[in-house]
J.: 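One structure, as structure tokens, below. Some questions next.
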Amino acid sequence: MESWMVSNLVVAVLLVGGAWIAVAVSRHDIWRAAVQQVWKRRPGAVLVVCVYVLLALLDSVAWRGNVDTGSDVVAQHEAVTLLERLFGDAQEKSYSAPLADIEFYDHSPLKHPGSHLFGTDILGGDVFLMTLKGARVALLIGGLTSLIAIPLALLFGIPAGYFGKRIDDVVFFIMSTLASIPTLLLLISITVALGRSTLVVCFALAVTSWVGFCRIARGETMKLREMDYVHAARLMGASETTIILRHILPNLMHLVVITFVLMFSGLVLSEAVLAWLGIGVNGSWGLMIAKAKDELSRDPAVWWNVGGAGVGLFGLLLAVNFLGDAVRDALDPRTRKES
Amino acid sequence: MLAYVLRKLAYGGLTVLGVLLLIFVIFFAMARPDDVARRALGEKAQGAQIEKWKAKHGYDKPLWPTLAKPGGSLLQAHYVSLLSFEFGNSDLNDSPIGTTIRDGMGASLALTIPMFLSGLVLGLVLALFVAFFRETYIDTMGVFLCVLGMSVSILIYIIGSQFVFAKMLRWFPISGFDTDVIADGNWNLLLRFLALPVTVGVLSSFGGDTRFYRTVFVEEVNRDYVRTARAKGAGEMRVMLRHVLRNAMIPILTRVVVAIPFLFTGSLLLEAFFGIPGLGSITVDAIAGNDFSVLRVMVYIFALLFILAQIATDISYTLVDPRVRLE
Amino acid sequence: MARLAESLTTGSGSGSDLSRRCQAMAWRSLLGLVAFACFGCSNSPYPEEDSDTKILYRSFEEAPKNLDPAYAYTTSATAILGRVYDTLLEYHYLKRPYQLIGGIAKEVPTAEVLDDGTIRYGFELRGEMLYQDDPCFAAYGGGATRQVLAGDLVFAFQRLADPLVNSPVFQSFANLKGFAEFAKALAERRKRDPAFRKLPPREQYRAVGGISGVVSEGPHHFELVLARPYPQILEWLAMHFSAPVPWEAVQHYDGKEGRDHFKDHPVGSGPYYLSEYAKESRYVLEKNLNWYGVKHPEWKAAGAVYPTSGAPGDEAHGLLPAEYVGKPLPFIERIVTVRDKESIPAFGKFLQGYYDSSGIVKESFDQLVRGDALSEEMSARGMKLEKSAKSDIFYLGFNMDDPVVGSAKGARSRALRQAMSLMVDVLEYTRVFTNGRGIPAQSPLPPGIFGYDAEYKNPFRTVDLKRAQALMVEAGYPGGIDPKTNKPLRLSFDTSDTSPDGGARFKFFVKAWRQLGISVEVSATDYNRFQKKMREGAFQIFQWGWVADYPDPENFMFLLWSKMSRKKSGGPNTANFSNAKYDELFLKMATRENDDRRMEIMKEMRTLLEHERPWIELYHRESYVLRHGWLKNVKAPGLSLPVSKYWDLDAAERGRRRTEWNRPIYWPAFLLLFMGLAIIAPGIRTFYQERQ
Amino acid sequence: MSEFLLEVQDLVTSFPGSGSERARVVDGVSFNIRPGEVMALVGESGCGKSVSALSLLRLVPKPGAIESGSVLLDGKDILSLSVPDMRKVRGHEMSMIFQEPMTSLNPVVRVGDQVVEAIRLHEDVSVKAARSRTLELFKQVRIPDPEVRLDAYPHHLSGGLKQRIMIAMALATRPKLIIADEPTTALDVTIQAQILSLLRQLQQELDTAVLLITHDLGVVNELADRISVMYAGRIVEQGDRREVLANPGHPYTRGLLRSMPGLGRPGEPLAEISGMVPAPADWPRGCRFCTRCSEVLDICESEVPARRRLSLTHHVACHAVEATE
């Protein structure tokens, strides 16, 4: 199966999953109330995040054929995403400024004058399109990493908190060992050891970020273990697995959601630093910014590339950060109390 | 208390052993001795030269100990050299690592200590300020600015500040450092070199820190004892400084003490961009140059400091919070 | 804040009072800022007191690893060693093509063929040359310094052979009679005899009997005997590897009892000595008053005075000014070299006048250079531009062992390589990525090297889509479609360049080949992974570069010699090219002097490469060096040679320019301050009004 | 000078509600306290008692705010005082004892120092003098081993002791009025009795006026001189303790009394008022008790009942009650 088919399949799964979650949320009062509260407090942030998600989905649905590929013979055999189709072929030779009619340095006329909202990059690619495509990469980094890190943290944290003793000792040892290694070095080592790909970068980020949540999950489980209803369930003869799945896990879900949102921006920012060190993810905003280090010092400066990536990144992080606050306020019982 | 610290130290020692094993696995998965040798000797080196180099640096031993020869493995050499603090020489340039690190630490601390202290003071003062004016537009704006600050990549801060303050306004040198400046006591020049990186460092961590401090303060401000203090007739300033700040120190301490190891290891990006020859810069070189011998020492030292810092955190709790007793 | 607190707690409540306090505070902080601005603010990275001395300021990116002249082989080390050590021979500063002149030796020797077929070179050394002052001499019963003797050269050559020194140029000197034998004897004796191992190196060498082809007769006569013809040996003698080394230094600087290592403490007889060495961050070279050029200006030795003649055009370029011609060197008192890892801040400092010369970062090229000359703005600032071709080659290589692109499929894969070679437009590549700097390469040989032919155009190195498509049919991939999979042919391109910039550059090639219907995937891995692939031959296409060690075609042509194959011997033939005919021609050419026959052989080799296409030659770099007007007598060298002993600078002029260019601009600080206050002040007021 | 120490007129305190409207949690409350008198403010939780108390000290937490009304303490308009002047009132002329002794003391400051602070905030005395005063106070509130307790941290003390320290703190500067917000709710029953008798004793010794906020009519019976019954932000009945308890005018007061063990007739089952106090957003337009009232009339739902006088010292706001003019 080719990668574009996988991508389409993932979109389908995500849509179905999203719908299922939406239904589940609407059935539970607490969750519904939380969603409503978040929406009430930060409608702007929610909308912005939705736009990013939409862009990411548009850039994930791809199919072959029906495009004019110009001189590029190979492209006829490759899948093109919906987003790219919306933009069409917008290739130039090299840099051009936003909405310019001529090339930036040698002043020759452009093939598509005035159509590049954010100008073009060194190879003549449309920066606006790249910026939009960055949304998919950023969400992929944040999403995939969380998808690895959170289950990992739960897998270690819950048993450690629930059973205690030996298991707790082992988990605690693993956590303190990992935490004692400088994050950046660990990241680099993992990417170097496993090779460089989006998946590996996400995996490395997950390995370095799961410890924090694991600690929270462990602590919370310890607290839940002593709850009356857990004791009651145990008295009624429920097995440990049942207790964990039915009584502990659901009560950690709000922490999962909070962690997910709060972790997100940190991950996307880390990727930018990794990009500077040469282990970024293809097509990410971090990579565009790392490039811009050189481009900004061109004279006249090429600022639109970093501008596009910066705005894309900044917008997402700002929205996510605000959303994170709202989600935490809505879900965290500690801050939920009225002041 | 003593028993507690001893137990913690013992546990820390165990963690160090684990860290060492992890370092070993990671680095040897990362680099084979041949690659290290080629990087050290250059592209033009030939096979025989590489073999000689490996023998000289002890990389000709087997990785793991075998039953037949349990002594002569790289793993054992790794543990022995690090645990005895005999770091040996760099793979890349054969200079003694101990000296390199001692020299680099000075430059790193010259950067990180002012950065840390000014960041801490500024963050606390601003967080207090914002918490003091909570529920006014200053608070909203403060939080907004913090989130704004957090949403900008540090790379952009560095590039932007070099462009604006050094190139356009010419206030400070674009980059540079001179270790002699510290020895000579040429404070004017030192200040000039550090002004920009320190500012950038503070700016980049500022948003997150301030917001965290603010959350802590606001949480404390809403507690009952604060209401009691007000009902006694205490003024806002007094409430903030005497009651809120002291209680808020507990969560803040965790964040602050755990940051201390990072002071010694320096900042990779700042040091690289501002030409400060500290440990961060050495680490970047070691990464780029495949210098396994230096990297593992850096990781090891960090781990040691980190473990010590955690014990220090525990102890410092007892100083600020009478409810905590170490047992 | 304390003041603010006070004003808040004791605040009497009237808004005007508060704002009066705020104003007072604002003025006070403004005054403080002005005070700092007047005394502390400056963008100069140097102490003020140095500004009048003739100090050359330079920057370096990568730290030198090792300063042992027998071992160091990096540009950063050469920058120090080339100044600290004097060599037997040198290159003429101005003449092109490069011409060897005497250094420590009075003259360049000619080869004498002896009866037994060996070749002898005899050197007459200058007398009365001294090393720099160094405590190592006193440690062995001498004074502050001592004379340079022929025996020191013998010692230096023996070190090159010593397996413990592990010199990277061992192979190149192995043509010396008795060289390899000496190395072997030394190794065996060390293995056998533990007592011998403990002796100082000089005594070990003596005990084994030395190298038969390296002889000194008296203090000032030195001879080399080659077992086989190897004319390139003379070029090696102009490099620091064979520079005279005082045995005292090697023995004294052993890293024990607080003493330096010899590799961090060079002791030489050159025009400068290393006075300060903080490896990772900066080093300082100081004028060596013991140098023969300084001590004996009356000798007028070729490498010790400013040349009296140069290449055509040098006079017009102002490289032969009357006030310098024939004057004793060096002119500059001190060379301060500071580390700047990132090129952009470094270049920024150059523009501010804090470095005296600099390469041009490509990002600023368009601002600085118009066509071939400096832009008016930069000329007005007194800057000068030096251009020169570098002796190097950048190329794309195919792995000749690969089943698809390699030689296994014979004519079919050759057609594929030819087709791909036809698609790479170097002119466009250099335009986009190097600001047009770079001479399109037609063969491995760069300009300035014997055998380079400016007229020669490689028929497979001009873009021709039609012909390439026809060749694709010939190769069995019509339209790029691989008949096996019915999809575009997939190839992989390996690199260890993971920078974002590299990403764009490789995409350029990928885009070109896509027009043939070939889908090339770039796999940018880290250094180790890449090295592993190269070692194991698990790759198809790669990019590589080679910088000449010395200006001889042999140093380029051997890159495709089958004995140098990376897979078989770990050598620099990374394409693993193996062709019997080529090998035969190479061996013939390697040992010849530069004559017509050699030229013919090389033409034959060129034709062979043109057809076989193990490489797609890209370009030879051109170096553009910018310098400020106050730096004089600069001619850019194409080889990495330290030539700053010929330079001079006008410190007063530099001081004036620096001040003029770097006046700080303060008003934004005040603006910022006022903005901050303007935002906060009304908030504090409303807060208090609300509480009343 | 009026006969009252504290006069509260039409006090309105509101919080932001669901829409743009603010919910009036305290809606036109009026009462007054004579010097040395104990006034009880009674009602279920959530009916605005605590907010009323905090309003008197101007300590309503943000975003709540006092909208209108007047609070006169000794004829001084509290609501128009400047912030520093208000600070002088708090703890000095009017102090407060909170519901939760566990959390109302600063956990990282020694309890002695907390009382010392209360003294030194208002009186210019040395630390030493303040400490000996504190010791006296500790003795006065019957803290065993007072010297040792001076240097104890709150977590070393039991709930009852903590509440005694709170009382000591409230008494530190001899205020004219002490507001006690459910001072015994969080304590064990035996401790409750001790604290109550201590309060009673001290009140009589020092002749301090007390505003006692509670939902516990038993406490009221023991301590109060007068009673104000509050429901959903309004005062529904007010009068002398004996009158109100013996002859409750409002159905809500009757309900409260019936649900009190011991106050009803023995043998009779405890009655309860059905339902709960609605949230401020759902408060009815007319009589706010109409949704739960067993004697509801048509008029109750549309019109706010006026205050009717039952005797000189007894008022009630209920449509079902005939005023005795």
Side-chain angles (χ1 to χ4, degrees), chain B residues 30-32 34-35 38-47 49-50 52-53 56 92-95 100 103-104 107 125 129 133 136-138 141 162 166-179 186 188-189 191-193 235-238 272-275 277 281-282 284-285 290, chain C residues 1 5 8-9 39-47 63-66 73-74 163-164 166 168 170-171 255 261 263-264 278-282 338-342 344-346 348-349 352 354 526-528 531-532 535 549 569-572 662-666 668-669 679-680 683-684 686-687:
Chain B
M30 175 172 163
R32 288 202 1 194
D34 283 85
D35 305 324
R38 185 161 285 284
R39 194 53 166 259
L41 294 171
E43 261 327 303
K44 294 182 178 180
Q46 313 226 334
Q49 207 197 347
I50 287 182
K52 275 186 226 155
W53 185 92
K56 193 176 160 200
L92 208 55
N93 55 22
D94 270 322
S95 51
T100 312
D103 295 348
V125 166
F129 184 78
F133 289 103
T136 68
Y137 83 103
I138 290 187
M141 209 168 62
Q162 283 186 336
K167 230 172 137 179
M168 277 171 54
L169 302 180
R170 305 164 193 151
W171 292 354
F172 309 111
I174 295 180
S175 70
F177 197 75
D178 186 348
T179 27
N186 192 344
N188 190 5
L189 199 56
L191 201 72
R192 221 184 275 168
F193 283 136
E236 279 295 295
M237 255 316 138
R238 191 182 175 83
F273 272 90
F274 287 101
S281 163
I282 292 173
V284 171
D285 285 355
N290 221 344
Chain C
M1 196 65 201
L8 291 181
T9 41
F39 304 111
C41 248
S42 155
N43 60 359
S44 167
Y46 309 121
K65 295 170 188 164
N66 188 313
Y73 206 175
T74 56
L164 279 184
N166 204 5
F170 180 91
Q171 279 308 324
H261 273 283
K263 68 176 180 57
D264 296 327
K279 201 176 334 197
E280 300 293 335
S281 55
R282 68 184 240 132
V338 183
R339 183 154 193 210
D340 246 315
K341 271 189 213 173
E342 296 285 330
I344 286 145
K349 276 195 255 180
Q352 294 173 338
Y354 295 121
D526 63 280
Y527 181 83
N528 299 320
Q531 284 295 339
K532 186 165 174 256
R535 205 166 46 234
D549 297 309
S569 70
N662 296 299
R663 282 204 188 96
I665 300 167
Y666 289 125
I679 291 171
I680 290 170
I684 296 170
T686 41
F687 180 82

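Note on naming: letters A, B, ... go to the chains in the order of the sequence lines (proteins, then strands), and numbering restarts at 1 for each one.
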J.: What part of C/Tyr46 is in contact with chain B, defined as an atom under 4.5 angstrom from a non-hydrogen atom: side chain, backbone, both or neither?
T.: backbone

J.: Is there a donor-acceptor pair under 3.5 Å between the side chain of C/Gln352 and the backbone N or O of B/Pro173?
T.: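 Between the backbone of B/Pro173 and the side chain of C/Gln352 there is no qualifying donor-acceptor contact (under 3.5 Å).
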
J.: Using heavy-atom distances under 4.5 Å, tell me whether C/Lys349 contacts chain B through its side chain, its backbone, both, or neither.
T.: both

J.: If the condition is salt bridge (Lys or Arg N to Asp or Glu O under 4.0 Å), which residues does C/Lys65 pass it with, not counting sequence neighbours?
T.: none

J.: Is it the side chain or the backbone of C/Asn166 that comes within 4.5 Å of chain B heavy atoms, both, or neither?
T.: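 Contact with chain B: backbone and side chain both.
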
J.: For B/Ser175 and C/Pro45, work out which heavy atoms get closest and say how close.
T.: O-CB, 4.4 Å

J.: Has B/Arg170 got a side-chain atom pairing as donor or acceptor with C/Asn662's backbone, closer than 3.5 angstrom?
T.: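 Answer holds: no.
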
J.: About how many Å separate CZ of B/Phe172 and OG of C/Ser44, when rounded to the nearest 0.5 Å?
T.: 13.5 Å

